[in-house]
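A short write-up of the structure that comes next.
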Amino acid sequence: MAGIEKIKIPVRKKELTLQAIEPYLPTVFEKFCENQRKIRHFWEIYENKHEIYNKTRRYEDDSDINNKVSTPHLWAIVNFKSGYALGNPKEYAQTEENQTDDIKYLNKYSKSANMRTVDKNVANWVYATGVGYYFTEPKSEKYNPEVEAPYNLWLRPADTCAKIYSSYNGEEELFDMLVTSYTKVQDGKKKEFILISLYLPDFYYEFEYDNTIPNTPRFNIRPDKTQVRMIYKDLPLTEKFANENRIGVVEIGETLQDAIDTIYSNEVDNVQDLVNEMLIFRNCILGENEEAKAKNLRDAKRGGALEIRDPSPDIEADVKTLSTKLDHTDILSLMESIKNELYATCGVPIAISDTSNGGNKQGALQLGNGWENAYDRLLDEINSFLVADYKLLAKILAICKKDPLSKLNELNASEIEIKYNPNMTDNMLSKAQAYQFFYKCNVPSRLIVEWCRLSNDPVTTSKMIDDYREELKKIVDNNVDNSNKNVDNIENLGNNS
């Protein structure tokens, strides 16, 4: 199954108790482990731990040339997509005309909680593995409500947690699960244990997973760690994804990345020698045994010469080469085609080498279409991101409203608009020329800004432009009036004289 599976159990939210979910814990943990393996695999590929490092060459021993070239395309793609979406921080805007300073404090608290960095890191996990998680909880220590947030906000690695849903209609969130591995000494021996933390709306539980007895794993509850959640009852995890199937770009591009690595590596091998070359010795004695033959052949290759002698006047010694030569032009063309497919599939523009100094029309068109594709894909992903963003905002506001010291205490999440700010400065010269054309045709500013993709908020931006033009027009008209008055004064002075 593609993507990271959503973990569901047949329990309704109104039925949620420890006794109701305990029978399903083995199944939940088994599905979590399956997801964990996939997530770690995708994250390792993002970290450039590619399959190419297992490359071997047929018919060659380990001492021979075996280049392993890892090209970090997926790393670059994930970082581009997260940077494109969140390189500029999200903005909050009030949708109601209430007289409140909540937005000011929301921005202060977001900066205090390092929201910008956490957003970017969560997006890396989303794009690399398919899912990312925020962890939110009220602060337990003292803080300054004027400049500091009353909550903590962290990234939770996606391979260490999961959100569990109901399998019934609506798929309500039931509880959050955090998984931590640790070692402890038991009966004089070090043993590996897994701690499972469960957050329910009303309670917090801890279990110790014990699999020391084969085929009979046990979930041992730790009664001393059970806590009642009295005030803040929202679940701490907020799950973020770019699509409903929870498929990341690494899963989409893994095979294409492997193909590029393989081609690069074999091409580098081919530069140093003929790919998988085989020498055929006819009537030659290389050595007394296989080890001596291999050593003599390696010495000959390093020395760059091979001396052979006819065993007798009637028998001629000969050496021939059987090799597989690659057509570099065709291979490099294939590699470029695969690379273009990888970037286009993942929704990332790729630089065209022949357009670095202005380029040709076809190259510019390809590059421009790459940005169009990237922007359209981002808009679709933002629609999914906003679901998590509003859930996270609701949790933050709930913490703030329950804290009597908090300055953020009036607005609800539905009264706040969240705006993404991807960089829109690509192809700016063409956009400026298009803007001038539309402006001369008396097209409204809002439509020009939207059509030319000059801003992520055409309404606000066009209003700023129109206000500026109106103000500029007033200044010009005022200067003209003053000039006319000066002319009249001069003429009056002349007549009086």
Side-chain angles (χ1 to χ4, degrees), residues 5-37 39-40 131 133-142 150-168 171-239 391 395 398-399 402-403:
E5 185 179 358
K6 197 174 186 179
I7 303 177
K8 295 177 280 189
I9 60 174
V11 175
R12 291 182 173 87
K13 191 171 183 178
K14 62 182 180 181
E15 305 167 344
L16 188 60
T17 63
L18 179 62
Q19 291 72 27
I21 66 174
E22 204 164 7
Y24 300 104
L25 283 182
T27 303
V28 167
F29 187 70
E30 182 182 355
K31 289 184 178 180
F32 165 78
C33 290
E34 291 175 4
N35 285 343
Q36 184 185 58
R37 283 189 289 271
I39 289 170
R40 286 182 175 172
V131 290
Y133 292 93
Y134 298 91
F135 186 92
T136 320
E137 66 176 8
K139 271 187 179 175
S140 56
E141 66 275 12
K142 292 183 178 180
Y151 56 86
N152 291 315
L153 178 67
W154 297 295
L155 158 78
R156 182 76 190 189
D159 59 346
T160 66
C161 61
K163 186 172 284 292
I164 315 303
Y165 298 86
S166 170
S167 60
Y168 291 103
E171 297 184 353
E172 296 176 292
E173 296 181 9
L174 295 180
F175 61 93
D176 291 341
M177 181 173 73
L178 276 58
V179 179
T180 307
S181 301
Y182 66 97
T183 304
K184 73 176 183 178
V185 177
Q186 193 176 71
D187 300 328
K189 298 180 180 179
K190 285 186 177 181
K191 292 185 178 180
E192 294 289 333
F193 286 88
I194 296 175
L195 179 67
I196 300 175
S197 303
L198 299 185
Y199 288 85
L200 279 67
D202 297 318
F203 290 93
Y204 168 80
Y205 301 101
E206 282 189 8
F207 288 83
E208 196 172 68
Y209 176 73
D210 182 2
N211 63 347
T212 54
I213 303 175
N215 301 321
T216 57
R218 294 175 295 177
F219 294 86
N220 303 318
I221 192 169
R222 303 172 73 179
D224 58 313
K225 298 296 184 180
T226 299
Q227 298 177 18
V228 179
R229 304 183 70 200
M230 298 293 294
I231 301 175
Y232 179 68
K233 297 190 176 186
D234 286 334
L235 300 181
L237 289 180
T238 303
E239 186 178 58
K391 287 181 179 179
K395 293 176 183 182
I399 293 175
K402 285 181 169 64
D403 190 323

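K395 pairs in a side-chain hydrogen bond (donor to acceptor under 3.5 Å, both in side chains) with only one of the listed residues (D234, T136, T238), which is T238.
Between I399 and P150, the shortest heavy-atom contact is CG2-O, 3.7 Å. Among all heavy-atom pairs drawn from Y232 and P138, the shortest one is CD2-CD, 3.7 Å. Contact record, I39 with A158: CD1-O, 3.4 Å, taken as the closest heavy-atom pair. Residue A20 comes nearest to V11 through the heavy atom pair O-CG2, 3.9 Å, listed as atom of the first residue, atom of the second, then distance.
Separating the CG atom in N35 from the CD atom in E30 is a distance of 11.0 Å, to the nearest 0.5 Å.
E171 pairs by the side-chain hydrogen bond (donor to acceptor under 3.5 Å, both in side chains) definition with K6, K8, not counting sequence neighbours. Considering only residues two or more places apart in sequence or on other chains, K225 meets the salt bridge (Lys or Arg N to Asp or Glu O under 4.0 Å) condition with none of them. Listed by chain and residue number, nothing satisfies the salt bridge (Lys or Arg N to Asp or Glu O under 4.0 Å) test with E22 (two or more places apart in sequence, or in another chain). Qualifying salt bridge (Lys or Arg N to Asp or Glu O under 4.0 Å) partners for K391, counting only residues two or more places apart in sequence or in other chains: E173. Q36 is linked by a side-chain hydrogen bond (donor to acceptor under 3.5 Å, both in side chains) to nothing, counting only residues two or more places apart in sequence or in another chain.
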Residues 193-207, side-chain donor-acceptor partners within the protein, below 3.5 Å, at least two apart:
residue : atom : partner : partner atom : Å
S197    : OG   : Y204    : OH           : 3.2
D202    : OD1  : K233    : NZ           : 3.1
Y204    : OH   : E206    : OE2          : 2.6
E206    : OE1  : R222    : NH1          : 3.3

Exercise. Walk me through it: do F135 and L178 pass the test side chain to side chain contact (heavy atoms under 4.5 Å, CB included)?
Key: CA-CA 10 Å; F135 186 92; L178 276 58; 3.8 Å; yes
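Taking the ring centre of Y133 as origin, the terminal cationic atom of R156 falls outside the region bounded by 6.0 Å and 45° from the ring axis.
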